[in-house]
Amino acid sequence: VSRTLFTNAIVVTCDGGMTVHRPGWLLIEGAKILDVGSGEPPRPDGVDVVDCGGDILMPGLVNTHCHIAMSVFRGLGEDMNDRLRRYVFPLEKRFVSPEMVRVGTRLGALELIEGGTTTVADMYYFETEVGRVIDECGMRGIVGQTIVDFAAPDAANVDEGFARFEECRAAFARHPRVTASLAPHAPYTTGLEILKRVAETWERTGAPVQIHLAEMDYEPGWVRERYNGTPVDLMEQAGLLREGLIAAHCIFVEERDRENMARAGVRVAHNAGSNAKAGRPIAPVVAMRKAGIKVGLGSDGPMSGNTIDLFAQFPQVAKLQKLANRDGAAIRSVDVVRMATIEGAEVLGMADRTGSLEKGKRADLIRIDTSATRFTPLYDPHATLVYATLASDVRDVVCDGEWLMRDRKVTRLDRRAVIADGRALGDEMRAEMSRIDAQAR
Ligand SMILES: [Zn+2]
């Protein structure tokens, strides 16, 4: 088994005490972290030494909510409120196929890796393809097959949606890094009966469940009219308010909802940039965490935020909470880094494996190049990560002991081919959008 020793680094561990070793070292053996610390490192025989030259070493980031394949829709129909109906739904109807999902997921995976993400939770169509790409590029992922109450691009009806999930579950049954998941889109696109069926399938299979919850301004009213209570109450009625539910957004959650979520062990994927770009209210992240709810960070899809790296989310997460609470100390940098790493891993039920640099965990880590002027001086590594670091500062990425990027060069994907395929598909989409515009005239 190969051993690699990283020395001369600022090691941001994200362990229970958010320990920083400065200078510190990290020793990995095969896919595992053997030890981490400060002071004189151990020097076992035959170890490869990587001198980090004062760079930051931290856990690979955990993106708890994404629609990776939608990278091919990024940047279209901007700054309008009906782009979903005008462009996205017609384009999805025409273009979404295993091939498109493969092209879009490779493009998004390239961006995720280059931005230091090693674990991602995804929701989309043809998730078996998404899982294959995640496997191919070496990341860790939860791949959520979308369930909706209308005809979807990969399922004519609900039964076919559940069958797609079973296909995905079979494909990754014993996979060490890819986990199949059920992704009922949202309360208003499923309804109580389908949600109950999701809960039964969860009970039977143990597959994690992801849902968009309390995201839309019309959602609480939609739920109240039909089922009485809030979107969180509806989860309870369906049998989904259980430990491990991954609920994205949770903007419209009242104090009573937050208490119920905390008691049940529901986890939240917070998407600051997506929510802000759509003009939605700011999710009560500080209040949710105070209630004891685990909150991870998500980029949401590349249409909702244009980039899917988490470094672009960091300042937005911090600043929006500070604005909402009118308090410059409402959320600390160390909390934002925590949410992007170990707390995100807890949200996805993967904290036994990833999210921190601790003895015995899988070797999921990234190195941040600190040579840009933005890093000098470097008083508080957590604050520097939140307010000054860009995705392009990520230099190396290791996941499960494998180098996914070294010196900015991605190892498992053909960068040129991935981008060429993404551009070609983009050209086809643009032509279709012109047709849609011409018809509307
Ligand atoms: Zn989403």
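Only heavy atoms go into these numbers, but all of them, side chains included; no hydrogens, no water, no symmetry mates. These numbers come from a predicted model, not from an experiment. Note that ligands are numbered from 1 as they come in the structure, with each ligand's atoms numbered from 1 the same way.
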Review point. Is a salt bridge present between R197 and E200, judged by a nitrogen-to-oxygen distance below 4.0 Å?
Key: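 E200 and R197: not salt-bridged.
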
Check your understanding: Does the distance from a Lys or Arg side-chain N to an Asp or Glu carboxylate O, for R106 and D421, drop under 4.0 Å?
Key ->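 No, R106 and D421 are not salt-bridged.
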
**Study point:** Atoms named by residue and atom, protein N, O or S, within reach of the Zn ion (ligand 1) (under 2.8 Å)
**Key:**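 Checking every protein N, O and S atom gives H65 NE2, H67 NE2, H212 NE2, D300 OD1.
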
Review point. How about T389 and D393: does a side-chain donor come under 3.5 Å of a side-chain acceptor?
Key: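 The answer is no; no qualifying pair exists.
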
Exercise for review: Describe, in one word, how the ring planes of Y218 and Y188 are oriented to each other, choosing from parallel (under 30°), tilted (30 to 60°) and perpendicular (over 60°).
Suggested key: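 Geometry flag for Y188 against Y218: perpendicular rings.
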
Exercise for review: Check for a donor-acceptor pair, side chain of N260 on one end and backbone N or O of D257 on the other, with a separation under 3.5 Å.
Suggested key: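 No: the side chain of N260 does not pair with the backbone of D257.
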
Point to revise | Within 45° cone of W222 ring axis and under 6.0 Å: R226 NZ or CZ | key: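 Positive - R226 is close enough to the ring of W222 and near enough to its axis.
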
